[in-house]
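This report concerns only the one structure given below.
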Number of protein chains: 2
Amino acid sequence: MRPLFHPAIEDVQPEAILHALSDPARAAIFAKISTAGCVEACSAVSSVGDRVIPKSSLSSHFKVLREAGLIRCERHGVEMRNHSRCAEVEARFPGLLSAIMGAYARAGAPRVAAQKGGTAA
Amino acid sequence: MRPLFHPAIEDVQPEAILHALSDPARAAIFAKISTAGCVEACSAVSSVGDRVIPKSSLSSHFKVLREAGLIRCERHGVEMRNHSRCAEVEARFPGLLSAIMGAYARAGAPRVAAQKGGTAA
DNA sequence: CCCATAGTTCTGAATTTCGGAACTAACGGA
DNA sequence: TCCGTTAGTTCCGAAATTCAGAACTATGGG
């Protein structure tokens with residue numbers, strides 16, 4: 001099977017990255033791929049939080065991430081290996097990904113913690 | 001005059017910011033507001049590049065930016081003053097805005113300035 | 001009061017996104 | 001080899017979003 005299309009790093013556009021990561025589900029998928037040693041099977045992220053994502057939606061999410069230049073996908077037998085392209089993107093747009101993922105990390109905690117009553121603020 | 005709704009800075013969500021800035025036109029508007037001493041009338045940005053933006057679209061772009069927490073708008077007589085909320089956003093999501101605007105700045109140039117050497121790896 | 005200016009809201013059309021169902025590719029077992 | 005299972009893609013209609021023209025509102029000037 002021919003390899004999927006991936007944009008060259010110099011063709012990667014900021015608007016594509018922002019659009020891809022402006023969806024919390026995609027951002028969560030990307031976070032998972034990035035932190036999980038940059039390799040992950042598609043089906044391993046079949047849910048975000050407690051929300052189950054249908055296969056077809058998952059497939060298109062991966063497509064968006066791939067075409068935005070954020071991940072690299074290759075078939076390995078019956079499944080897909082997804083590598084993050086963090087390093088390349090970091091070289092092209094310094095600080096972008098870490099700022100975005102950091103923003104999500106920072107926003108993720110407060111509200112949830114406040115409602116749950118867990119953190120003695 | 002009743003002030004328009006603006007989210008408190010702690011209610012600002014990363015996905016809203018990314019979505020707002022994932023549109024190059026909005027990113028350009030925001031860049032203009034940010035750099036122009038953080039004050040600008042709506043009609044002063046009636047075009048992006050050589051593309052003229054209709055009033056209604058412009059209005060909704062400003063609304064998106066405002067509701068994302070990126071700008072603060074107040075009526076002054078018949079026109080609108082738009083202040084950037086850079087400082088607040090920077091405090092909440094350190095490095096986010098500068099990374100994004102830097103990415104756009106870096107992407108905007110390359111095609112034209114490719115002969116500057118170094119980047120064509 | 002009437003008009004001009006600046007911006008908003010309404011509305012329908014075009015585009016995008018979502019998700020179920022059917023389809024394809026790769027492997028394992030008999 | 002053939003069949004079944006698993007992993008993921010594609011197709012297609014419904015829902016949501018975006019776009020832009022037209023009408024409307026608010027403010028200030030003469």
Side-chain angles (χ1 to χ4, degrees), chain A residues 1-6 13 15-30 32-33 36 39-68 70-83, chain B residues 1-6 13 15-30 32-33 36 39-68 70-83:
Chain A
M1 177 181 184
R2 69 230 174 282
L4 295 160
F5 169 74
H6 293 83
Q13 297 302 316
E15 58 261 43
I17 291 180
L18 297 187
H19 172 248
L21 295 179
S22 70
D23 181 325
R26 279 195 294 263
I29 291 172
F30 179 69
K32 213 164 185 178
I33 293 175
V39 177
E40 192 86 12
C42 277
S43 56
V45 284
S46 55
S47 66
V48 171
D50 48 358
R51 175 170 180 72
V52 174
I53 302 179
K55 281 205 306 181
S56 61
S57 301
L58 206 52
S59 183
S60 65
H61 282 327
F62 275 89
K63 186 179 180 188
V64 170
L65 290 171
R66 177 168 51 81
E67 294 185 346
L70 288 167
I71 62 176
R72 192 178 293 281
C73 313
E74 57 185 72
R75 266 200 113 102
H76 247 253
V78 75
E79 69 184 17
M80 204 64 108
R81 297 266 173 90
N82 301 287
H83 307 248
Chain B
M1 48 157 268
R2 61 241 160 269
L4 296 161
F5 169 74
H6 293 83
Q13 298 300 316
E15 59 261 43
I17 292 179
L18 297 187
H19 171 249
L21 295 179
S22 70
D23 181 324
R26 279 195 295 262
I29 291 172
F30 180 68
K32 213 164 184 177
I33 293 175
V39 177
E40 191 86 10
C42 277
S43 56
V45 284
S46 53
S47 67
V48 170
D50 47 357
R51 174 168 181 74
V52 174
I53 301 180
K55 279 205 306 180
S56 60
S57 301
L58 207 52
S59 183
S60 65
H61 282 327
F62 274 90
K63 186 179 180 188
V64 171
L65 290 171
R66 178 167 51 80
E67 295 185 345
L70 288 167
I71 62 176
R72 192 177 294 282
C73 314
E74 55 186 73
R75 266 201 111 103
H76 249 253
V78 76
E79 70 184 15
M80 205 62 110
R81 298 263 174 94
N82 301 287
H83 307 249

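Residue numbers begin at 1 in each chain, while the letters A, B, ... track the order of the sequences. Values in this document were obtained by computation on a predicted structure and should not be read as measured data.
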Is any side-chain N or O of B:R81 closer than 4.0 Å to OP1 or OP2 of C:dG7?
no
Quick one: label B:H19 by what it contacts on the DNA or RNA (base, sugar-phosphate, nothing), any heavy atom closer than 4.0 Å.
sugar-phosphate
Any N or O donor-acceptor pair under 3.5 Å from the base of D:dG8 to the side chain of A:S59?
no
Would B:H61 and B:R26 count as having a side-chain donor-acceptor pair, cut-off 3.5 Å?
yes
Hey, is the side chain of B:S57 poking within less than 4.0 Å of OP1 or OP2 on D:dC19, counting only N and O atoms?
no
When rounded to the nearest 0.5 angstrom, what distance separates CG in B:D23 from CD1 in B:I29?
8.0 Å
For the CE atom of A:M80 and the CZ atom of A:R66, what is their distance to the nearest 0.5 Å?
7.0 Å
Using the side chain to side chain contact (heavy atoms under 4.5 Å, CB included) rule, take A:C73 and A:K63 through it: C-alpha gap first, then chi angles, then the decisive distance, then the call.
CA-CA 9 Å; A:C73 313; A:K63 186 179 180 188; over 6 Å; no
Can you tell me the distance, in whole Å, between the NE2 atom of A:H61 and the C1' atom of C:dT17?
9 Å
Taking for A:G77 and for A:S56 the nucleotide of DNA chain C with the nearest heavy atom, the one nearer the 5' end belongs to A:S56
Provide, to the nearest angstrom, the distance between the CD atom belonging to B:E79 and the C1' atom belonging to C:dG7.
11 Å
B:I33 versus B:N82, closest heavy-atom pair with distance
CG2-O, 3.5 Å
For A:L58 and C:dG19, what is the distance between atoms CG and P respectively, to the nearest whole Å?
11 Å
Interatomic distance where NZ belongs to A:K63 and C1' belongs to D:dC11 [whole Å]
12 Å
Identify which nucleotide among D:dT27, C:dA26, D:dG21 has an atom closest to any side-chain atom of B:P54, counting heavy atoms from C-beta outward.
D:dG21
Would you mind reading off the distance between B:R75 atom CZ and D:dA26 atom P, rounded to a whole angstrom?
9 Å
Whole-Å distance, B:E15 CD to D:dT17 P, equals 14 Å
Nucleotide C:dT9, atom P - distance to NZ of B:K55 in whole Å:
13 Å
Students often get this wrong, so: under 4.0 angstrom with heavy atoms, is B:R66 touching a base, only sugar-phosphate, or nothing?
nothing
Separation of B:M80 atom CE from C:dT5 atom P, in whole Å?
19 Å
Side-chain N or O of B:R51 versus OP1/OP2 of D:dC19: is the shortest distance under 4.0 Å?
no
